[in-house]
Amino acid sequence: MFLDFMNEVQSLLYEAAKVCGWDQIPTNGFGMLEISPHADLASSIAFRLAPQLSKSPQSIAKDLCDAIEIPAGSMVDRVEQAGPYLNFFMSNSSLASILWEAQGGDCWKGRLSQRVIVEHTSANPNGPLHVGHIRNSVIGDTLARVLRRAGCTVETQYYVNDMGRQIAIVVWGCDHYPLEEIKADHAIAKVYIEANRAITERPELVSEINRQIQLYEAGDPQALGKVKVAVDHAISGIEDTLHRLNIRHDSYHWESEYARSGEMAKLIEQLEGTGLTGWEDGSLQLDLSADGFEKNMVLMRGDGTSLYISRDLAYHRWKSERCDRMVDVLGADHKLISAQLKAALDLLGIPAPEVVIFEFVSLPTGSMSTRRGKFITADELLDEVEKQAYMEVSTRRPEESEEFRREVAREVALGAVRYDVVKVSPEKATTFDWKAALDFEKLSAPFIQYSHARACSILRKADLPEQFDPSLLTGEAEVALIKKIAQFDLIVDKAARELKPHQLATYARELAEAFNGFYRYSPVIEAPSGLREARLALVNAARNALRVTLDTLGIPALESM
RNA sequence: GGACCCGUGGCUUAGCCAGGAUAUAGCACCGGGCUUCUAACCCGGGGGUCGCGGGUUCGAAUCCCGCCGGGUCCGCCA
């Protein structure tokens with residue numbers, strides 16, 4: 001749809017430049033087009049050519065405009081010169097074909113084809129996910145959905161830290177305190193917080209923790225069993241929360257797999273082969289100063305146990321052999337370590353991951369901490385939002401059954417939480433705000449879900465037409481809606497390439513706005529015959545686009561709410 | 001101290017990487033719209049030195065330099 005239109009405009013521009021003899025001029029500006037209020041696509045290429053041609057942008061734009069020859073059957077209707085700009089407009093016939101295409105379910109798949117592994121969440125199994133963790137989960141899961149929609153084959157992975165100090169502390173805690181009969185991850189957190197308190201009060205316990213780490217790494221069967229029980233318990237609770245958010249991982253990979261399989265040892269051996277490693281202060285270290293890193297990277301502790309980074313290197317090599325693109329979603333605290341990881345992988349010629357960094361979510365009272373028990377859990381957030389949604393739906397739809405209202409509340413809450421997270425660009429640090437989280441107005445998932453429900457409501461009242469005449473849809477809102485629907489493939493393609501999921505959130509809002517604008521001024525059911533069929537087809541196209549957009553955001557597309 | 005990220009109306013935010021035509025939306029505020037397909041909606045209004053100061057450019061929210069403010073990191077933690 002829009003991608004085709006854009007490609008056509010690009011080649012028209014390039015062909016015109018060739019006619020003018022300017023195609024050899026070094027500029028990639030021929031492909032730089034923008035969706036603008038003045039045109040379906042606008043080019044400012046004339047500005048970039050001007051210094052090199054010593055001509056005014058206006059006259060360059062005029063020459064290009066004159067040289068453009070639109071072939072028969074093109075999606076491009078016309079090009080207009082507006083001063084230095086070139087404005088391209090879509091043809092009516094392409095609007096018609098967009099509408100026909102959008103009637104079906106097979107036009108929403110992109111043209112990418114890589115195998116992608118997306119690693120996200122990977123929270124330590126020492127407690128429940130909090131409102132900071134789910135920024136990782138929502139960004140990661142949305143990216144996975146965007147990549148799939150764009151045509152990629154995607155596997156999502158959760159990298160389980162079962163070897164770290166935190167887990168040794170959890171295991172020690174499970175040995176010394178009873179696990180309460182509450183949600184599993186919450187029970188683990190209580191034990192973990194308690195154990196941390198004990199260690200703070202009695203620092204001599206540290207040696208017991210170290211002993212646990214050594215036993216586990218050595219493969220002691222009892223230690224293995226204890227870790228498995230504790231980690232499985234925590235992960236089961238974390239999974240429950242992720243499921244509430246419509247998130248499932250395709251596979252889980254425990255760090256210890258890479259330590260025990262020998263893959264990590266092999267990798268360390270290869271790093272030693274670079275001549276950049278050495279034993280210093282009793283530990284094996286890698287010198288990355290050539291890449292601008294001040295401090296050495298420690299690969300092995302003095303006592304022979306491994307560190308997170310070494311296991312992570314092995315895990316990344318394993319991943320790199322199984323995909324074309326590796327995507328890691330990580331918090332801002334991982335910026336430095338992920339840059340070091342890339343540098344170390346680079347030394348061995350292993351492809352580095354694309355790292356999506358998101359900045360921290362803090363509370364109005366300061367930063368969150370699992371260890372200190374200072375956090376708002378994702379479960380708590382979902383519970384509260386669901387409660388609020390239940391009140392809203394009960395007010396609006398009092399005649400509906402309890403079951404209906406519960407289900408709508410659940411799906412509205414899940415959508416609201418996901419949208420709240422994904423709508424903000426990852427590089428912005430945010431402060432969690434209950435008021436904003438519980439607001440269901442325009443810049444929120446319910447706004448988009450509501451548009452979808454309205455479209456469904458119309459379609460329930462009439463059969464889809466076998467035939468319709470798209471040329472009857474000439475209203476401003478109608479044309480704008482068709483164009484917005486067409487942009488879906490462009491947005492998804494861009495978001496997938498650039499790994500920017502919030503672009504889809506913005507699009508979703510614009511699509512819903514376009515539909516609501518149409519809905520307000522264009523009666524469908526009561527429209528005269530002919531127009532009625534065409535509008536029904538447009539509602540169906542919009543419904544499909546909204547459904548697919550919501551689905552790609554991992555937000556339920558409610559048919560009634 | 002060093003490195004990286006952020007700083008856009010009262011609050012939240014898009015645009016920044018690939019510089020261009022009146023800077024995007026939401027909340028809050030003011031005004032209008034439900035006997036008509038779900039008003040979780042729509043229409044209109046006020047409100048912005050795009051942190052500050054330089055520079056590059058025909059043109060800077062966008063690029064460069066310096067400062068200020070906030071966040072993150074600089075562990076034989078993960």
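Note on naming: letters A, B, ... go to the chains in the order of the sequence lines (proteins, then strands), and numbering restarts at 1 for each one.
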Nucleotide N/O to protein N/O under 3.5 Å, stretch nucleotides 10-14 of chain B:
from: B:rA14; atom 1: OP1; to: A:Ser425; atom 2: N; distance (Å): 3.1
from: B:rA14; atom 1: OP2; to: A:Lys428; atom 2: NZ; distance (Å): 3.0

What nucleotide, of [options], holds the atom closest to the side chain of [X]?
X        : options                : value
A:Ala332 : B:rU72, B:rC27, B:rG71 : B:rU72
A:Tyr308 : B:rA78, B:rG26, B:rG2  : B:rA78
A:Lys295 : B:rC74, B:rA78, B:rC37 : B:rC74
A:Phe447 : B:rC41, B:rC77, B:rC5  : B:rC41
A:Glu359 : B:rA18, B:rG71, B:rA21 : B:rG71
A:His38  : B:rC4, B:rA40, B:rA21  : B:rA21
A:Phe47  : B:rC5, B:rC58, B:rC74  : B:rC58
A:Lys494 : B:rA78, B:rC37, B:rC17 : B:rC17
A:Tyr521 : B:rC43, B:rA78, B:rC37 : B:rC43
A:Glu294 : B:rC27, B:rG2, B:rA39  : B:rG2

Next on the checklist: Before you tell me yes or no, could you show the steps for A:Arg211 and A:Ser207 under side chain to side chain donor-acceptor pair (under 3.5 Å), namely the whole-Å CA-CA distance, both residues' side-chain angles and the distance that decides it to 0.1 Å?
Outcome noted: CA-CA 6 Å; A:Arg211 177 87 188 125; A:Ser207 62; over 6 Å; no
Next on the checklist: Between B:rA78 and A:Glu255, counting only base atoms on the nucleotide and side-chain atoms on the residue, is there a donor-acceptor pair under 3.5 Å?
Outcome noted: no
Next on the checklist: Whether the side chain of A:Asp439 and the base of B:rA40 hold a donor-acceptor pair under 3.5 Å is what I'd like checked.
Outcome noted: no
Checklist entry - More 5' along RNA chain B: A:Lys442 or A:Ala50, using each one's nearest nucleotide? => result A:Lys442
Checklist outcome for this item: Note: for A:Glu526 and A:Ser44 on RNA chain B, the residue whose nearest nucleotide lies more 5' is A:Ser44
Item to check | Non-neighbouring partners of A:Ser36 that pass side-chain hydrogen bond (donor to acceptor under 3.5 Å, both in side chains), sequence neighbours left out | outcome: none
Scan [X] against the nucleic acid and name what it touches under 4.0 Å (heavy atoms): base, sugar-phosphate only, or nothing.
X        : value
A:Ser522 : base
A:Gly302 : base
A:Gln58  : nothing
A:Ile337 : base
A:Ser444 : nothing
A:Ala42  : base
A:Ile525 : base
A:Met300 : nothing
A:Val539 : nothing
A:Arg371 : nothing
A:Asn210 : nothing
A:Ala436 : nothing
A:Arg397 : base
A:Val298 : sugar-phosphate

Next on the checklist: Does the plane of the ring in A:Tyr258 sit parallel, tilted or perpendicular to the ring in A:His253? Use 30° and 60° as the thresholds.
Outcome noted: tilted
Next on the checklist: Does the plane of the ring in A:Trp434 sit parallel, tilted or perpendicular to the ring in A:Phe432? Use 30° and 60° as the thresholds.
Outcome noted: perpendicular
Checklist entry - Say you draw a straight line from CD of A:Glu400 to OG of A:Ser394; how long is it, rounded to the nearest 0.5 Å? => result 10.5 Å
Next on the checklist: Would you compute the distance between atom CD of A:Gln81 and atom CD of A:Gln58 and round it to the nearest 0.5 angstrom?
Outcome noted: 7.5 Å
Next on the checklist: Say we look at B:rU56 and B:rA21: how far apart would their C1' atoms be, to the nearest angstrom?
Outcome noted: 22 Å
[X] side-chain N/O to [N] phosphate OP1/OP2 under 4.0 Å:
X        : N      : value
A:Asn516 : B:rC42 : yes
A:Arg48  : B:rC58 : no
A:Arg535 : B:rC37 : no
A:Arg396 : B:rC41 : no

Checklist entry - Considering every strand shown, what is the Watson-Crick or G-U wobble mate of B:rC29 when both distances are under 3.5 Å? => result B:rG45
Checklist entry - Just checking, any donor-acceptor pair under 3.5 angstrom between side chains of A:Glu257 and A:Tyr252? => result no
Item to check | Step-by-step side chain to side chain donor-acceptor pair (under 3.5 Å) determination, A:Arg165 to A:Asn210 | outcome: CA-CA 8 Å; A:Arg165 182 162 294 275; A:Asn210 289 343; 2.8 Å; yes
Item to check | Charged N-O contact under 4.0 Å between A:Glu217 and A:Arg260 | outcome: no
Checklist entry - Tell me: CE of A:Met32 to C1' of B:rA21, nearest whole Å? => result 15 Å
